Participant: 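Pasting in a structure now, in structure tokens, and then I'll have a few things to ask.
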Amino acid sequence: NKKSLPLNDSDPLPPTNSASNAETASAVLKEIGWQRGLVVAYIAGAVGVFVWLIMGQLAAVRLRRLSHPAPAELVAMLKEVATRSRVSPRLGFNTRGETGLRPPKLLVSNRISAPVALGLFHPVILVPKDFTEAQPEICNPNSAVPSILAHELAHIRNRDLVWLAV
């Protein structure tokens, strides 16, 4: 006695094992739920990173607005460090074929405790107010200030802020 497959919609389906169908349906639902949970977690993570970047950008803009230009001694020191680091006065390539950047603005802020490089398109180096209060230390050629400025300049030259944002 052979069982035949239904030929059209009006023909009844052959009997099946309802327990195995329930297990299969349960497995499919679990798989869809897991995938949906993964998508929701991914979207939530992406939104969280986006909000974090926006908040960081707003904080950087605020810090920049509340700062003031650095003293001429510090600006001269930054230009000297930039020259030694082969940072060209214009965007583009310098004579050695290396990528060069315009030296960034140097600003002073009383809201930070350590130097920081800010800005993707218009970079600035913010130094704490303590840097300007230590005038004899700034003028000392053996001070750590040129090394600190070179370190912040390296962050800008290497585009670390772009990589951090990515």
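Since the model is a prediction, treat every value here as computed from it, not as a measurement.
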Participant: Once you round to the nearest 0.5 Å, how far does CG of Leu106 lie from CG of Leu149?
Facilitator: 6.0 Å
Participant: Can you tell me how far apart OG (Ser67) and NZ (Lys105) are? Round to the nearest 0.5 Å.
Facilitator: 9.0 Å
Participant: Please output the side-chain donor-acceptor pairs of residues 108-125 that fall under 3.5 Å, not counting sequence neighbours, one pair per line with the distance.
Facilitator:
| from | atom 1 | to | atom 2 | distance (Å) |
| --- | --- | --- | --- | --- |
| Ser109 | OG | Arg111 | N | 3.1 |

Participant: For the residue pair Asp160 and Ala154, what are the closest heavy atoms and their distance?
Facilitator: OD2-O, 4.4 Å
Participant: Check the pair Val61, Arg65 against side chain to side chain contact (heavy atoms under 4.5 Å, CB included), reporting the backbone distance first and the verdict last.
Facilitator: CA-CA 6 Å; Val61 167; Arg65 283 187 186 155; 3.8 Å; yes
Participant: For the side chain to side chain contact (heavy atoms under 4.5 Å, CB included) test, which of Val145, Leu74, Ile148 pairs with Val127?
Facilitator: Leu74
Participant: Working to the nearest 0.5 angstrom, can you tell me the gap between Leu107 CG and His68 NE2?
Facilitator: 9.0 Å
Participant: Do Phe50 and Tyr42 land in one hydrophobic cluster if side-chain heavy atoms of ILVMFWY residues count as linked below 4.5 Å?
Facilitator: no
Participant: In Å and rounded to the nearest 0.5 Å, what is the CD to CG distance from Glu73 to Leu78?
Facilitator: 13.5 Å
Participant: What distance do Arg36 atom CZ and Leu38 atom CG have between them, rounded to the nearest 0.5 Å?
Facilitator: 12.5 Å
Participant: Which value, rounded to the nearest 0.5 Å, describes the distance between Leu63 atom CG and Leu58 atom CG?
Facilitator: 11.5 Å
